[in-house]
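Ligands are counted one by one from 1 in listed order, and the atoms in each one are counted from 1 as well.
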Amino acid sequence: MVGAGTIGLAWAALFAHAGLEVRVTDPRDDLDAAVDDALPMLAESIPGADVTALRSRITATDDLAEAVENAQLVQENGPERLEFKQQLFAEIARHAPADAVLASSSSGIVASAIAAELDEDVAARLLIAHPFNPPQVVPLVEIVPGATAEEVVQQAIAFYRDLGKTPVRIHKEVDGSVANRLQSALLRESISLVQQGVVSAEELDTVMKASLGGRYATIGPFESFHLGGGPGGIRHMMAHLGVGMADRWAELGRPELDEPTITSIVEQTEAAYGAGPESYRERARLRDRKHNALNHALFGIETGADATI
Ligand SMILES: NC(=O)c1ccc[n+]([C@@H]2O[C@H](COP(=O)([O-])OP(=O)(O)OC[C@H]3O[C@@H](n4cnc5c(N)ncnc54)[C@H](O)[C@@H]3O)[C@@H](O)[C@H]2O)c1
Ligand SMILES: O=C(O)[C@@H](O)[C@@H](O)[C@H](O)[C@@H](O)CO
């Protein structure tokens, strides 16, 4: 695990919970304390996880070479800067085994760009394995190959599936892959509606949670459109509502993220959900409890484990 910040520590807990020996490296001078401080809350959000057991499988070191020297898979979680990741992976490649899978958690930088200056055999082992925060709770991992060898892609998909995640292979490298682009589109319209005074930030969140949030946790946008068409399915929906929806695209907002807008969004969000470390811990705990309950319910239905529903 290279990088022990928000994402790296969460991955470390999940990898350890899967029984893996995890070496975490980060130049931060409070690395050991950061691992010890983060584990209790991370364990609380991983069903069945035990803090002591997790900690016993995690070794913290400020020596990157030592951390990766015997790695089967390296998960990089460093700062979101291209030059930084290029240098970091060059160093990782110098010390990791020649057959190690090299995965970056990057939200928006593509593997081809990270590997641009690296040897072909290293680029063939490098891909994006992008989690959604928090990685130990949100199922998705976007697997985005660059010049990655097919067997490495398959290895990575199997690894994250065995970890209990939902890996989805993304077929083209685009900035932000898929989930982040969808999230960006949604946040753009959300900010536009709040900026216009149509709803407050908290009211928008309620609209989302009371409609699309639950809907898209159960069926995706296309299945939702399909079922919305009744027996006629998406064919009927396209004929019936498709044109209106397309016309509305022209009406969607293009808000400027200028100082007044940022101030308004920040003030409304902090008024609704608090601010500071204690508030973060309280809200994050609630988020994780709700998301885990959702995961459990949906998995139960998907597998028929709860046929009563
Ligand atoms: N936070 C999110 O919502 C989120 C979600 C998905 C993916 N990501 C991606 O995960 C990556 C990490 O994001 P984050 O939110 O955890 O950032 P973060 O700032 O919390 O952590 C980054 C860590 O990298 C460490 N670091 C700096 N130089 C390093 C080096 N040379 N070697 C090892 N570690 C080093 C820092 O000390 C820090 O602990 C980014 O690429 C980001 O795009 C973030
Ligand atoms: O929300 C998330 O977990 C993802 O969208 C992240 O990948 C990403 O850091 C965003 O928050 C910002 O792009």
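- A salt bridge between Arg94 and Glu91 is absent, with no side-chain N of the basic residue lying under 4.0 Å from a carboxylate O of the acidic one.
- Taking atom 21 (O) of ligand 1 as the reference point, the nearest protein heavy-atom neighbour is Gly5 CA, 3.4 Å.
- At the top of the distance list for atom 41 (O) of ligand 1, counting protein heavy atoms only, stands Glu80 OE1, 2.6 Å.
- Ligand 1 has no nitrogen or oxygen under 3.5 angstrom from a nitrogen or oxygen of His130.
- For ligand 1, none of its N or O atoms has an N or O atom of Glu76 under 3.5 Å away.
- Checked by atom type, the side-chain pair Gln154/Glu150 shows a donor-acceptor distance below 3.5 Å.
- Residue contacts with ligand 2 for Asn180 involve side-chain atoms from C-beta outward but no N, CA, C or O (heavy atoms, distance under 4.0 Å).
- The closest protein non-hydrogen atom to atom 43 (O) of ligand 1 is Ser107 OG, 2.8 Å.
- Aromatic ring centres of Tyr273 and Tyr280 lie farther apart than the 6.0 Å criterion allows.
- Nearest to atom 20 (O) of ligand 1 among the protein's heavy atoms is Thr6 N, 3.0 Å.
- Protein heavy atom at the shortest distance from atom 5 (C) of ligand 1 is Ile7 CD1, 3.6 Å.
- Scanning the protein for heavy atoms near atom 6 (C) of ligand 1, the closest one is Pro131 O, 3.2 Å.
- Between the choices Leu31, Asp26, Asp29, Asn77, the shortest heavy-atom distance to atom 39 (O) of ligand 1 belongs to Asp26.
- Note: the hydrophobic cluster containing Ile128 does not contain Met1 (ILVMFWY, side chain heavy atoms under 4.5 Å, direct or indirect links).
- Ligand 1 has no N or O atom lying under 3.5 Å from any N or O atom of Gly8, backbone or side chain.
- Formation of a donor-acceptor pair under 3.5 Å by the Ser190 side chain with backbone atoms of Leu186 is found in this model.
- At a heavy-atom cutoff of 4.0 Å, ligand 1 is contacted by the side chain of Leu88 but not by its backbone.
- Only the side chain of Phe84 comes within 4.0 Å of ligand 1, counting heavy atoms alone; its backbone N, CA, C and O stay farther away.
- Applying side chain to side chain contact (heavy atoms under 4.5 Å, CB included) to Leu127 and the options Leu102, Thr148, Val110, Val144 leaves one that passes, Thr148.
- Look at Arg28 and Asp30 and you find a salt bridge, because one of the NZ, NE, NH1 or NH2 atoms lies within 4.0 Å of a carboxylate O, short of that distance.
- Only the backbone of Ala4 comes within 4.0 Å of ligand 1, counting heavy atoms alone; no side-chain atom from C-beta on gets that close.
- Taking 4.0 Å as the cut-off, His130 counts as a neighbour of ligand 2 on heavy-atom distance.
- The shortest contact between atom 3 (O) of ligand 1 and any protein heavy atom is with Asn133 CB, 3.4 Å.
- The closest heavy-atom contact to atom 30 (C) of ligand 1, among the options Gly78, Ala10, Ala67, Pro27, comes from Pro27.
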